[in-house]
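Here the structure comes first, spelled out in structure tokens, and everything after it is commentary.
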Amino acid sequence: MTTFDKREEGFEKKFALDEEQKFKAEARRNRLLGMWAAEKMGLSGDAASAYAKEVVAADFEESGDDDVLRKVEQDLSAKGLTVAQAEIRAKMNELLLEAVAQVKAGK
């Protein structure tokens with residue numbers, strides 16, 4: 001194996017690891033967002049955990065974050081709560097930073 005092949009293999013492994021960590025961080029962010037929204041809706045315990053799982057599952061409907069944003073916004077609205085998309089998006093960004101730190105720390 002040449003030095004070039006070794007470097008290429010190293011880049012491929014790093015890319016795969018980065019993508020895996022990105023996936024884990026986004027799933028963690030969605031769970032944290034679900035717990036945040038559950039608290040706003042007055043859910044706690046098992047009901048809050050179940051809702052957080054629904055939010056994580058919503059991310060598989062389409063690519064990007066819009067499916068998660070839409071679900072949380074609609075669920076909050078159904079409970080009579082008015083939360084602007086901008087506030088939800090800001091919370092998503094905040095929680096992504098927290099999730100990335102948690103994933104990097106191995107939590």
Side-chain angles (χ1 to χ4, degrees):
M1 183 178 277
T2 67
T3 302
F4 180 75
D5 291 335
K6 289 178 184 177
R7 287 183 62 201
E8 183 179 16
E9 184 178 313
F11 285 128
E12 288 172 359
K13 286 181 181 179
K14 180 171 180 356
F15 177 78
L17 179 63
D18 289 348
E19 288 299 306
E20 180 182 351
Q21 286 186 329
K22 179 182 172 190
F23 175 80
K24 286 180 180 181
E26 287 177 355
R28 175 80 49 98
R29 184 249 353 241
N30 293 340
R31 185 179 60 77
L32 293 170
L33 181 69
M35 295 301 287
W36 171 80
E39 183 180 328
K40 286 194 164 298
M41 292 186 284
L43 302 174
S44 61
D46 290 342
S49 295
Y51 180 74
K53 288 178 184 177
E54 288 178 26
V55 173
V56 171
D59 194 24
F60 299 110
E61 292 176 13
E62 60 187 54
S63 63
D65 295 333
D66 290 341
D67 45 2
V68 173
L69 177 69
R70 191 170 39 254
K71 175 177 181 34
V72 170
E73 181 184 32
Q74 289 172 353
D75 292 346
L76 289 169
S77 180
K79 291 285 188 176
L81 302 168
T82 304
V83 180
Q85 273 193 2
E87 182 180 346
I88 298 169
R89 177 110 24 221
K91 192 65 174 177
M92 290 173 77
N93 292 335
E94 173 188 326
L95 293 173
L96 182 59
L97 295 175
E98 183 178 331
V100 166
Q102 288 179 5
V103 168
K104 283 185 178 181
K107 293 182 181 180

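We number each residue from 1, following the sequence as shown. Basis for what follows: all heavy atoms, side chains included, without hydrogens, waters or symmetry-related copies.
Rounding to the nearest 0.5 Å gives a distance of 14.5 Å between NZ of Lys53 and CG of Asn30. One finds the CD atom of Glu54 at 7.0 Å from the CG atom of Asp75 (value rounded to the nearest 0.5 Å). Separation of atoms CD (Glu73) and CD (Gln85) is listed at 4.0 Å; rounding is to 0.5 Å. One distance of note links CZ of Arg31 with OG of Ser49; it measures 8.0 Å at 0.5 Å rounding. Remark: Lys79 NZ to Met41 CE distance equals 7.0 Å, nearest 0.5 Å. Here the CG atom belonging to Asp59 is positioned 6.5 Å from the CG atom belonging to Asp65, to the nearest 0.5 angstrom.
Between Val83 and Lys40, the shortest heavy-atom distance links the atoms CG2-CD, 4.4 Å. Closest approach of Ala99 and Ala25 over heavy atoms only: CB-O, 3.3 Å. Of all the heavy atoms in Arg29 and Leu96, the pair that sits closest is CG-N, 3.4 Å. The minimum heavy-atom distance linking Val68 with Met92 is given by the pair CG1-CE, 4.1 Å. The minimum heavy-atom distance between Gly34 and Val55, with the atom names listed, is CA-CG2, 3.8 Å.
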The test is side chain to side chain contact (heavy atoms under 4.5 Å, CB included); show your working for Asp46 and Tyr51 and say whether it passes. CA-CA 8 Å; Asp46 290 342; Tyr51 180 74; over 6 Å; no
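Atom CD of Glu39 has 12 or fewer heavy atoms from other residues, nucleotides or ligands within 6.0 Å.
Taking 4.5 Å as the limit, some side-chain heavy atom of Gln74 sits within range of a side-chain heavy atom of Arg70. Counting heavy atoms from C-beta on, the side chains of Val56 and Leu33 never come closer than 4.5 Å.
When hydrophobic clusters are built by joining Ile, Leu, Val, Met, Phe, Trp and Tyr residues whose side-chain heavy atoms come closer than 4.5 Å, directly or via intermediates, Leu69 is grouped together with Leu76. Placement of Leu97 and Leu32 in two distinct hydrophobic clusters is found when ILVMFWY residues are connected by side-chain heavy-atom separations under 4.5 Å, directly or transitively. At a threshold of 4.5 Å between side-chain heavy atoms, the hydrophobic network of Ile, Leu, Val, Met, Phe, Trp and Tyr places Ile88 and Leu43 in one connected group.
Salt bridge annotation for Lys91-Glu87: absent, with no cationic side-chain nitrogen under 4.0 angstrom from a carboxylate oxygen. Note on Arg89 versus Asp66: salt bridge recorded, some NZ/NE/NH1/NH2 to OD/OE distance being below 4.0 Å. Contact check on Asp67 versus Lys71 returns no salt bridge, with no Lys/Arg side-chain nitrogen under 4.0 Å from an Asp/Glu carboxylate oxygen.
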